[in-house]
Each structure stands twice: as structure tokens, then as C-alpha cells.
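Starting from 1, each residue takes its place in the sequence as its number. What you see below is based on every heavy atom in this structure, not just the backbone, and it leaves out hydrogens, waters and symmetry mates.
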Amino acid sequence: MRYDLVIFDNDGVLVDSEPVSNRILAGYLTELGHPTTFEDSVRDYMGAALHRVHDVVWERSGQRLPEDFDEAFQARVFAAFERDLEAVVGVAEVLDGLTAAGVPYCLASSGSHERIRVALRTTGLYGRFGEERIFSSQDVGRGKPAPDLFLHAAATMGVDPARCAVVEDSPLGVRAAVAAGMDVYAFTTMTPAEKVADATALFSVMKDLPELLAG
């Protein structure tokens with residue numbers, strides 16, 4: 001293995017949450033008078049922290065979202081997670097393989113700490129991480145596409161950014177990893193390849209990731 005740390009995004013990489021959360025976000029924004037399709041939500045918000053939703057709506061409409069928007073949206077998402085959320089196919093085996101090879105890994109997500117933990121516990125992945133290996137955009141001043149979150153994760157784990165690999169599925173996440181000086185492997189199940197062309201490599205099936213990481 002040529003890396004000393006593998007940093008996983010959460011939504012869309014570890015847990016298959018992007019279809020669920022983007023469907024809910026599009027519907028909720030539309031209810032609030034900001035017509036948004038599922039495709040719009042994926043294009044504009046996938047991989048971003050919630051403050052980006054507020055910023056984009058303000059820029060486009062000059063209107064503020066309700067003060068309780070984040071709380072109400074998260075409540076809808078958590079309820080849907082309990083019904084529908086599953087781990088990404090093959091990711092548990094990838095994590096087990098890294099453990100067997102003695103390669104440390106962690107999670108760095110734009111989602112809140114609460115959202116991350118709900119998702120991991122629902123899908124049975126929480127035990128593979130634990131508190132000390134979970135990082136959220138809440139921990140830093142700027143979320144993706146800024147590199148801050150990935151740099152914070154690497155520093156906390158005691159690894160040089162140049163020795164880190166990031167596994168991402170969104171253009172914003174890929175940009176953040178590149179800006180952090182890390183290799184990044186783009187999971188393209190929901191993102192067109194041309195949107196993540198700056199990635200070190202692309203893959204569409206999780207079982208292909210270990211070979212890419214091995215180099």
C-alpha cells in the first residue's frame with residue numbers, strides 16, 4: 001500500500017444516502033417556493049455542507065430559508081434513513097481489507113456529526129470507525145471545496161497530506177482533496193466522469209478500489 005491513511009467521504013461513499021437526501025432536499029426546497037428537481041439538487045448541493053444551500057438560495061432568489069430549515073431537513077432525512085438507508089455495496093469488505101493490511105482509515109464528511117453517526121449506526125458501519133476517526137465540516141471553518149476538512153483529518157491522524165488518499169463521489173469533494181495535495185479516487189455511481197476529471201483515478205464499483213489504492 002502506497003498510502004499511510006485513506007480518508008473516506010461518508011454520503012455516497014460509505015452509505016448510499018445521496019439518492020435519499022437529494023430527493024428530500026429537492027422536495028423541501030420546492031415546498032418552500034424554490035423549485036428544485038432531484039437533478040438540480042445533485043448538481044448544486046451534493047457533497048456540500050448545508051450552509052451552501054442557504055447561500056445558493058439567497059444568491060438566486062434574494063430570500064432567506066426559514067431559521068429552522070436545517071433542523072427540519074435533518075429530521076426528514078433521519079426518518080428516511082431509518083426506513084431506507086443501506087451501506088454502499090462492497091464498502092464493508094474494503095474497510096476490512098484495509099484493517100487486515102494495517103492501513104489506517106478515517107471519515108471526513110460535509111455532514112453534521114449527528115448525521116454521520118445516524119448513518120453509520122443505521123448501516124452497521126459505526127463500529128469500524130469510532131469517535132476518534134470521524135471528522136465533520138462542523139470541525140473546521142470552511143467546508144468542501146476548501147481543503148480544510150481533509151487537512152484537519154490528516155493532521156489529527158498524524159499523517160502528511162501527500163501520504164493520504166481520499167475516496168470521494170462529488171465534484172466539490174474532489175476539488176477539496178486536490179486542494180489539500182492528496183490523491184483522490186472518485187466513485188462515479190452518481191457523478192458523470194467529466195465532473196470529476198481532476199481525480200487521480202475513477203471507479204464505479206467499490207470492489208475495484210483496493211487495487212487502485214495498492215497502485
Side-chain angles (χ1 to χ4, degrees), residues 3-15 17-18 21-22 25 28-29 34 41-75 77-78 104-120 126 129-186 191 195-196 198-200:
Y3 299 107
D4 296 333
L5 177 67
V6 180
I7 305 174
F8 289 88
D9 178 38
N10 186 43
D11 294 297
V13 172
L14 296 174
V15 299
S17 54
E18 294 293 9
S21 58
N22 281 283
L25 180 58
Y28 190 23
L29 288 174
H34 307 284
S41 182
V42 170
R43 181 194 65 221
D44 295 337
Y45 306 121
M46 193 172 90
L50 272 177
H51 67 76
R52 177 177 170 84
V53 181
H54 290 265
D55 293 345
V56 170
V57 168
W58 168 251
E59 290 169 5
R60 292 177 176 174
S61 69
Q63 298 177 10
R64 298 291 186 189
L65 290 171
E67 289 187 5
D68 67 345
F69 175 85
D70 291 11
E71 181 179 1
F73 171 65
Q74 295 284 35
V77 168
F78 293 167
Y105 61 83
C106 66
L107 181 163
S109 170
S110 291
S112 66
H113 277 288
E114 183 182 13
R115 176 184 171 122
I116 294 166
R117 283 157 180 75
V118 168
L120 292 181
Y126 180 80
F129 289 89
E131 294 299 309
E132 71 281 359
R133 291 192 286 166
I134 295 175
F135 304 97
S136 162
S137 61
Q138 291 179 314
D139 302 331
V140 295
R142 299 181 299 169
K144 304 170 189 176
D148 304 35
L149 178 56
F150 290 137
L151 293 173
H152 169 64
T156 303
M157 297 292 290
V159 178
D160 185 329
R163 297 291 300 164
C164 296
V166 173
V167 185
E168 264 287 353
D169 71 322
S170 73
L172 292 175
V174 169
R175 286 168 55 194
V178 171
M182 301 176 181
D183 285 354
V184 54
Y185 296 85
T191 303
K195 298 287 188 181
V196 288
D198 290 339
T200 306

K.L.:
Do you know which two heavy atoms are closest between Ser17 and Gly12, and how far apart they sit?
P.N.:
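That closest heavy-atom pairing would be OG-N, 3.8 Å.
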K.L.:
With a 4.5 Å heavy-atom cut-off, do Ile7 and Val167 have their side chains touching?
P.N.:
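When only atoms from C-beta onward are counted, Val167 and Ile7 do not touch, as no gap falls below 4.5 Å.
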K.L.:
Let me see the working for Arg133 and Thr156 under side chain to side chain contact (heavy atoms under 4.5 Å, CB included), right down to the final yes or no.
P.N.:
CA-CA 9 Å; Arg133 291 192 286 166; Thr156 303; over 6 Å; no
K.L.:
Which atom names give the shortest non-hydrogen contact between Ala154 and Cys164, and what distance separates them?
P.N.:
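That closest heavy-atom pairing would be CB-SG, 3.9 Å.
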K.L.:
Evaluate the criterion side chain to side chain contact (heavy atoms under 4.5 Å, CB included) for residue pair Tyr3 and Met182; output intermediate values, then yes/no.
P.N.:
CA-CA 10 Å; Tyr3 299 107; Met182 301 176 181; over 6 Å; no
K.L.:
Which pairs pass salt bridge (charged side-chain N to carboxylate O under 4.0 Å, His left out) with one or both residues in residues 160-184, sequence neighbours excluded?
P.N.:
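Residue pairs passing salt bridge (charged side-chain N to carboxylate O under 4.0 Å, His left out), neighbours aside: Asp4-Arg163, Lys144-Glu168.
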K.L.:
Rounded to the nearest 0.5 Å, what separation is found between the OH atom of Tyr45 and the CD atom of Glu18?
P.N.:
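Rounded to the nearest 0.5 Å, the OH-CD separation comes to 14.0 Å.
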K.L.:
What pair of heavy atoms forms the shortest contact from Leu151 to Pro161, and how long is it?
P.N.:
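The answer is CD2-CG, 3.8 Å.
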K.L.:
Can you check side chain to side chain contact (heavy atoms under 4.5 Å, CB included) on Ile116 and Leu107, steps first, answer last?
P.N.:
CA-CA 9 Å; Ile116 294 166; Leu107 181 163; 3.9 Å; yes
K.L.:
What's the spacing between Glu71 CD and Glu114 CD if we round to 0.5 Å?
P.N.:
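One gets 9.0 Å once the value is rounded to the nearest 0.5 Å.
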K.L.:
Over 60° means perpendicular and under 30° means parallel, so tell me whether Phe73 and Tyr28 are parallel, tilted or perpendicular.
P.N.:
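Correct class here is parallel.
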K.L.:
Could you check whether any side-chain heavy atom of Tyr126 comes within less than 4.5 Å of a side-chain heavy atom of Glu131, counting everything from C-beta outward?
P.N.:
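Tyr126 reaches Glu131 side chain to side chain.
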K.L.:
So do His113 and Asp139 actually touch side chain to side chain, heavy atoms under 4.5 Å?
P.N.:
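Of all side-chain heavy-atom pairs linking His113 with Asp139, at least one is under 4.5 Å.
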K.L.:
Taking the six-membered ring of Phe78, is NZ or CZ of Arg115 closer than 6.0 Å to its centre and within 45° of its axis?
P.N.:
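Checked: cation-pi criterion not met.
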K.L.:
Looking at Ser170 and Gly173, would you say the former's side chain and the latter's main chain have a donor-acceptor pair under 3.5 Å?
P.N.:
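Yes, Ser170 side chain to Gly173 backbone: donor-acceptor pair under 3.5 Å.
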K.L.:
Taking Asp44 first and then Arg52, would you say they form a salt bridge - that is, a charged N and a carboxylate O separated by under 4.0 Å?
P.N.:
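Looking at Asp44 and Arg52, the cut-off is not met.
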K.L.:
Can His51 and Asp70 be counted as having a side-chain donor-acceptor contact under 3.5 angstrom?
P.N.:
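Result is no, nothing qualifies.
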K.L.:
Could you tell me whether the side chain of Ser137 and the main chain of Ser110 form a donor-acceptor pair under 3.5 Å?
P.N.:
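Looks like yes, one N/O pair under 3.5 Å.
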K.L.:
Using side-chain hydrogen bond (donor to acceptor under 3.5 Å, both in side chains), reason through Ser41 and Asn22 one step at a time and then give a plain yes or no.
P.N.:
CA-CA 6 Å; Ser41 182; Asn22 281 283; 2.7 Å; yes
K.L.:
Side chains of Ile134 and Cys106: does their closest heavy-atom pair fall under 4.5 Å?
P.N.:
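Answer no - side chains too far apart.
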K.L.:
About how many Å separate CG of Asn10 and CZ of Arg117, when rounded to the nearest 0.5 Å?
P.N.:
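Here the interatomic distance stands at 10.5 Å.
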K.L.:
How would you list all residue pairs meeting ring-ring contact (aromatic ring centres under 6.0 Å, His included) that involve residues 131-164, not counting sequence neighbours?
P.N.:
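For residues 131-164: Phe135-His152.
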K.L.:
Does any non-hydrogen side-chain atom of Asp11 lie less than 4.5 Å from one of Met46?
P.N.:
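Sidechains of Asp11 and Met46: no contact.
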K.L.:
Of Thr191, Val196, Val166, which meets side chain to side chain contact (heavy atoms under 4.5 Å, CB included) against Val174?
P.N.:
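By the side chain to side chain contact (heavy atoms under 4.5 Å, CB included) criterion, Val174 pairs with just one of Thr191, Val196, Val166: Val196.
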K.L.:
Do any side-chain atoms of residues 61-68 form donor-acceptor pairs under 3.5 angstrom with protein atoms, and if so which ones, sequence neighbours left out?
P.N.:
| from | atom 1 | to | atom 2 | distance (Å) |
| --- | --- | --- | --- | --- |
| Ser61 | OG | Val57 | O | 2.6 |
| Ser61 | OG | Gln63 | N | 3.1 |

K.L.:
Side chain of Ser109, backbone of Asp9: donor and acceptor closer than 3.5 Å?
P.N.:
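It does not hold such a pair.
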